[in-house]
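What follows is a single structure, written as structure tokens, with notes after it.
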Amino acid sequence: RVCRRSRNDLLVVLAAAMPGFGDPSAARAAGNDSGDHDFLVDRVKAYQRSGQQAKEQWWAYCRRRGSSDFDPKRHEAKFLLGFLQGASGGGGAGSSEEYPDKTALVTRVKEIQRGSVENRRLWHGWCMKQGSADYDPQRHDDVFLRGFVAAFDAGSLQPYGVVTDGTGAGGVG
């Protein structure tokens, strides 16, 4: 459950910073977890409708957190609130300055890998395409890691050497 005081404070900030965000008093009427979630889902959808860049920010936010599901209804309130807080901060949801040092980059790459088996394959594929068989992010420089995170966020990665036989079952070729 989102804390009522912090939620209301956030809603006032969001209403001021994001055109079309809506009336924050509407959230005060939502007194249960379901109401909080529904309200946040509506806010994310309203933000996406504000333009293509807003949609792309949402997609990048989901990808950075290891999700390929872009339907706000399928995410928890905390996830949605994190996006809205970043978006109201002037682009924090899509900021390239989120990873100021190597430690933050290594942590992000590990989070991506833990997100799914497919994400782990994407990391392995990135390493192989760069000529490395070392899959430990700690052993790569920040340029290497930033390249992977940027490509992952852009959705431009494909698993290396994965082929399908047309049945939907993938295998390494």
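We number each residue from 1, following the sequence as shown. Bear in mind that the values here come from a model prediction, so they are computed numbers and not experimental data.
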Only counting residues at least two apart or in another chain, list the ones meeting side chain to side chain contact (heavy atoms under 4.5 Å, CB included) with [X].
X     : value
Ser68 : none
Asp69 : Ser67, Asp71, Arg74, His75
Gln53 : none
Glu56 : Gln52, Trp59

Nearest atoms (heavy-atom pairs only) where [X] meets [Y]:
X      : Y      : answer
Pro72  : Lys45  : CG-CG, 4.1 Å
Phe148 : Ile112 : CE2-CD1, 3.9 Å
His37  : Ala77  : CD2-N, 3.7 Å
Ala151 : Trp126 : CB-CZ3, 4.1 Å

Between the NZ atom in Lys129 and the CG atom in Leu122, the distance rounded to the nearest 0.5 Å is 8.5 Å
Supply the atom-to-atom distance Lys73 NZ to Asp42 CG, rounded to the nearest 0.5 angstrom.
->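 Answer for the NZ-CG pair, Lys73 versus Asp42, is 8.5 Å.
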Heavy-atom distance under 4.5 Å between the side chains of His124 and Arg121, does that happen here?
->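 No, too far: nothing below the 4.5 Å cut-off.
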For the residue pair Gln138 and Lys102, establish whether any side-chain heavy-atom pair is separated by less than 4.5 Å.
-> yes
Residues two or more places apart in sequence or in another chain: which of them pass salt bridge (charged side-chain N to carboxylate O under 4.0 Å, His left out) with Arg139?
->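 Expected list: Asp134, Asp136.
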Within 6.0 Å of CD in Glu76, more than 12 heavy atoms from elsewhere | no
Going by atom types alone, do Gln113 and Tyr135 pair a side-chain donor with an acceptor below 3.5 Å?
-> no
Side chain to side chain contact (heavy atoms under 4.5 Å, CB included) evaluation trace for Arg49 with Lys55 = CA-CA 7 Å; Arg49 284 190 295 269; Lys55 285 182 190 176; over 6 Å; no
Main-chain N/O of Phe79 paired to Tyr61 side chain as donor or acceptor, under 3.5 Å | yes
Name all residues meeting the side chain to side chain donor-acceptor pair (under 3.5 Å) criterion together with Ser116; count only those two or more places apart in sequence or in a different chain, and write none if there are none.
-> Asn119
Please step through side chain to side chain contact (heavy atoms under 4.5 Å, CB included) for the pair Phe152 and Trp123, ending with a clear verdict.
-> CA-CA 9 Å; Phe152 180 82; Trp123 167 249; over 6 Å; no
Residues Arg63, Phe70; criterion side chain to side chain contact (heavy atoms under 4.5 Å, CB included); working and verdict = CA-CA 9 Å; Arg63 283 190 209 105; Phe70 304 129; 4.0 Å; yes
